[in-house]
Amino acid sequence: MTDPTKRKHGDASDGALHLGSPLARVDGDRKVRGEAAYALDAAPAGLAHGVLVRGTIGAGTVLSVDAASARQSPGVLMVFTPFDTPVLGAPDSFLDGTPGEGPFHVFPASILHWGQAVAAVIAETRQQAETAAALLRIDYAPGDVVPSILSKDAGPGVPVGAVDIDRGDAEAALAGSVFRVEATYETPREYHVPIEPHGAVAWWEGDRLTVREPSQWIDAMARTYAGWFGIPFENVRLISHFVGGGFGSKVTAMTHGAVAALAARELGRPVKVAVTRAQNFTAHGGRAATRQTLRLGADADGRLKAIVQDGESETSVFVPFVEQLNAATSVMYDVPNLRSRQRLVHVNTVTPAHMRAPGKHPSAFGLESAIDELAHLAGIDPVELRLRNEAGFNPQTGQPWSSRRLREALVEGARRFGWKDRPAAPRSMRDADGAFLGWGVAAGLFPALDHFGEAGLRVDADGSIEVLSAGIDMGTGTYTILAQAAADALGVLPGDVTVRLGDSELPSGPLAGNSLLAGVMTGLVHKAAAAMRETIIGLALTEQGSPFRGSELNTLDITRGRIHPTLDEGRAVPIADLLKAIGRDRIERIEDNFPAGTSAQERHRIMTTVAGLRPPDGGVSSVASWCAHFVEVKVDEDFGTVRVRRVVSGFDCGRLYNPHLAASQFRGGIVMGIGQALLEGGRVDPRDGRIVNDNLGDYLIPTNADIPDIEVFSVGEPDFRAAPMGGKPVGEIGIVGVAPAICNAVFHATGQRIRRLPLDIAALLSTN
Ligand code: MCN
Ligand code: MOS
């Protein structure tokens, strides 16, 4: 999408650097040099090290822990067990409006899933802590385990209700349809596996707690720590300058952080708890396993008349987490009759969590596979079938779209891919070596949400300009786009702006989740920088010492960091010089988007719980990003292998704040989608629910060799209903629809439908 040789760095010699141009990430150099400090890089003086110990039963009770030898092991400072760990306080629920979970028992004796943390050991060194942890002798009374949604005793699950949909009369419309398809689609447990595992470093100064921890939502996490330790929110400082990926797994505070902070308090020294890669498979949930049966009915022209959906998703025995299976089904196409039901199957697992495009991804896997089955049955090209079913407005809510350029993505994608040369029949394309080739298409969406927040701007007489926000950058590009947004509105270059993020002492930021942070924060930073510009010009006009004192209103401008009469750049004075001339050291502005009159208490509530999430555009229009993926696969039926050879994907995400970074987001999502189709899946031991492939040797994610050329392009246009600066969500849309596009391509190559992820090699062997 961008020519890498033309990437811009934020120095003064560069040309187009404004929001919307492909500036290379401003934190890139620091990352490459190893100067970007991640949470666990913190090494305060006197640091002690803690390790978590995982339980080894799938359900039951811890009867006793013999910690005598562990306590005597060299370097050991503390051992926490279910029987001697202080009970922490009860934070209000982060799901606003639901009751809190009560006091926090860090290591409950009752075991609800394999790998649940049962103890921790703190020692002078990490190695000493690990050695001692291995000496703990833990006695259990095992209970009955329901290991997974696939096990016989998992049962049919309980209805969710809240997400059910009845639109028209789906059963009758289905019965009256000319074409009908019915199939069941399954997705496994998937895991976030960010390159940076979880962990925390905590220390106390009196009753003030500092935690360095990777976080997608600083303020919400800080609030949990405050609740656990019974201290005011202001007394918690949470720092998360850089995050090595989160994908939804780093939103809430967890056991490892509680242990670090608790041990730090008891020992009176800083404590680090690093969660191991294996522990990351059980310390927090990945994506829930799902299963859904779809029945689609269409008329003779392929126009959808009905969808009937029956689905189940997995959750733990203690929290009803819903992986919403109709998230795409209900809005992708113009379907007058739709009936959707979902049940939750409670099993002995850690509670699943949001993972990049929660709901949307498994939902699109079912729907976009079934659409392909329908196209094949009806003898209609799958791109054409989708175009015929385009929804002119949101079929679920009746709202107009703020913008929907899925048609453009499909048409332009087909053109770039060369789709018109695709023979309709499966098994009709071969590579030179005789292996089958297949072409598949699928589409996707990502509905937008809005949030609140503040942005700070600071201009110093030493010439520094800082953007301040507790919002974070987990590899997405926040540092860069906020430098661009500030530079534009203030009249300086991005290279002149330092962006400070990820610290709860900075102005309150929205969560980096639901792909909403860029939209909210570019708007707020623009607002703060525009206000700063007005402030500076106002001071130049009025302050004693200013060379522009007494100029007419509306006659001054700021360009490239210099203030000057609009028609006379020759008389330009650097902003810093103006500040010195008028005797000011620093000017600060903080802007927010809270409704006028919002109380401090209410601000706190909406910035630290889900209460702050709201529909964009005041709920008037329906806002979503759209995508279409075109995929070529090569299938070797002797080995059952599938290689993705080519991907062309079109996106409507409104205006792109930085096309270079957005392209990287799209590609990252597509890579993750390739992983889901071909490689990823938690394998559950049917005896005790243990995840047996809890490491990167066995839980496979794509490597460079698995990834072909990925061409991404944008068909988006600025959408100011979506966000103040005209963009729609980018971070998660890339993943949506990739897996079905690949499976549809495999069908085209082989005639074999893949309805369960990840793709099973055995299903493709020529011996079948
Ligand atoms: N962007 C843009 N134009 C837009 C919107 C965004 O150019 N109209 C670009 C910007 O570079 C911005 C990035 O895309 O920094 C992501 O913006 P946005 O879609 O608002 O998403 P968030 O900043 O809220 O980030 C969270 C989102 C989510 S929810 C997941 S999950 C995910 C994702 O981002 N996790 C990621 N992308 C990830 N990328 C990396 N490297 N690591 C993760 O863990
Ligand atoms: Mo993303 S799953 O909303 O953090």
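As the structure lists them, so they are numbered: ligands from 1, and atoms in each ligand from 1.
Between His113 and Phe318, the ring-plane angle classifies as parallel under the 30° and 60° cut-offs. Ring-plane geometry between Phe281 and Tyr699 is classed as perpendicular, the angle between the planes exceeding 60 degrees on a 0 to 90 degree scale with a lower cut at 30.
Checked by atom type, the side-chain pair Asn326/Ser330 shows no donor-acceptor distance below 3.5 Å. Residues Lys250 and Ser240 bring no donor and acceptor atom of their side chains to less than 3.5 Å of each other. Thr187 and Gln676 are not linked by any side-chain donor-acceptor pair at a separation below 3.5 angstrom, with hydrogens and angles left out of the test. Between the side chains of Thr608 and Arg223, at least one donor N or O sits under 3.5 Å from an acceptor N or O. With 3.5 Å as the limit, one finds no donor-acceptor pair spanning the side chains of His361 and Glu732.
Short contacts between ligand 1 and Arg655, defined as distances under 4.0 Å to a heavy atom of the residue, involve ligand atoms 3 (N), 4 (C), 8 (N). Atom numbering of ligand 1 starts at 1 in the shown order; those under 4.0 Å from a heavy atom of Gly245 are 42 (N), 44 (O). For ligand 1, the atoms lying closer than 4.0 Å to a non-hydrogen atom of Leu661 are 11 (O). Shown in contact with Gly475 at under 4.0 Å from a heavy atom are these atoms of ligand 1, numbered in order with element: 41 (N). When each atom of ligand 1 is checked for a heavy atom of Gly727 under 4.0 Å away, the hits are 8 (N). Less than 4.0 angstrom separates some heavy atom of Cys653 from each of these atoms of ligand 1: 8 (N). Ligand 1 places these atoms under 4.0 Å from at least one heavy atom of Ile481: 10 (C), 11 (O), 12 (C), 15 (O). Residue Lys728 has at least one heavy-atom neighbour below 4.0 Å for each of these atoms of ligand 1: 4 (C), 5 (C), 8 (N).
Counting only heavy atoms of the protein, atom 21 (O) of ligand 1 lies nearest to Ser515 CA, 3.3 Å. In terms of protein heavy-atom proximity, atom 26 (C) of ligand 1 is closest to Met474 CE, 3.5 Å. In this structure, the protein non-hydrogen atom closest to atom 39 (N) of ligand 1 is Gln665 NE2, 3.1 Å. What sits closest to atom 29 (S) of ligand 1 on the protein, heavy atoms only, is Glu732 OE1, 3.0 Å. Looking only at protein heavy atoms, the nearest one to atom 13 (C) of ligand 1 is Thr476 O, 3.6 Å. Closest to atom 3 (N) of ligand 1 among all protein heavy atoms lies Tyr657 N, 2.9 Å. Of the protein's non-hydrogen atoms, the one nearest atom 7 (O) of ligand 1 is Asn658 N, 3.0 Å. With respect to atom 23 (O) of ligand 1, the closest heavy atom belonging to the protein is Leu517 CB, 3.5 Å.
The aromatic ring centres of Phe651 and Phe446 sit 6.0 Å or more apart.
Taking CH2 of Trp217 as the reference point, atom CG of Leu517 lies at 11.5 Å (rounded to 0.5 Å).
Of the polar atoms of Leu516, at least one N or O is found under 3.5 Å from an N or O of ligand 1, judged by distance alone. Remark: ligand 1 and Ala518 share an N or O pair separated by less than 3.5 Å (distance only, no angle test). For ligand 1, the polar-atom distance check against Gly246 finds a nitrogen or oxygen pair separated by under 3.5 Å. Considering backbone and side-chain N/O atoms, Gln216 never comes within less than 3.5 Å of an N/O atom of ligand 1. At least one N or O atom of Phe247 sits closer than 3.5 Å to an N or O atom of ligand 1. Between Gly731 and ligand 1, a contact under 3.5 Å exists for at least one N or O pair. The distance criterion of under 3.5 Å between nitrogen or oxygen atoms is not met by Asn514 with respect to ligand 1.
Note on ligand 1: Pro194 sits outside its first shell, no heavy atom being nearer than 4.0 Å. The closest approach between any non-hydrogen atom of Gly654 and ligand 1 is not below 4.0 Å.
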Problem set entry | Stepwise side chain to side chain contact (heavy atoms under 4.5 Å, CB included) test for Tyr657 and Gln484 | CA-CA 9 Å; Tyr657 304 129; Gln484 290 176 285; 5.8 Å; no

For this session: With side chain to side chain contact (heavy atoms under 4.5 Å, CB included) as the test, would you mind laying out the steps for Gln216 and Val251 before giving the verdict?
Result: CA-CA 5 Å; Gln216 294 182 231; Val251 179; 4.0 Å; yes

Problem set entry | Audit row: Leu678, Asp706, side chain to side chain contact (heavy atoms under 4.5 Å, CB included) steps and yes/no | CA-CA 10 Å; Leu678 304 182; Asp706 298 304; over 6 Å; no

For this session: Check the pair Arg404 / Leu445 against side chain to side chain contact (heavy atoms under 4.5 Å, CB included), numbers first and verdict last.
Result: CA-CA 10 Å; Arg404 166 163 165 148; Leu445 90 166; over 6 Å; no

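By the neighbour-count criterion of 12 heavy atoms within 6.0 Å, atom NE2 of His354 is sparsely surrounded, having that number or fewer from other residues, nucleotides or ligands. At most 12 heavy atoms of other shown residues, nucleotides or ligands fall within 6.0 angstrom of atom CZ in Arg721.
Under a 3.5 Å cut-off, the side chain of Arg356 and the backbone N or O of Gly731 do form a donor-acceptor pair. Judged by distance alone, the side chain of Thr315 and the main-chain N or O of Phe321 form a donor-acceptor pair under 3.5 Å.
When Ile735, Leu656, Thr478, Val730 are checked for heavy-atom proximity to atom 9 (C) of ligand 1, Val730 turns out nearest.
Both the sub-6.0 Å distance and the 45° axial angle are satisfied by Arg614 relative to the ring of Phe452.
Closest of all the heavy-atom pairs between Met521 and Ala455 is CE-CB, 4.0 Å.
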Pick out the protein N or O atoms lying less than 3.5 Å from any N or O of ligand 2, and list each pair with its distance.
unit_1: ligand 2; atom_1: 3 (O); unit_2: Asn514; atom_2: N; d: 2.6
unit_1: ligand 2; atom_1: 3 (O); unit_2: Glu732; atom_2: OE2; d: 3.2
unit_1: ligand 2; atom_1: 4 (O); unit_2: Gln216; atom_2: NE2; d: 2.8
unit_1: ligand 2; atom_1: 4 (O); unit_2: Gly248; atom_2: N; d: 3.3

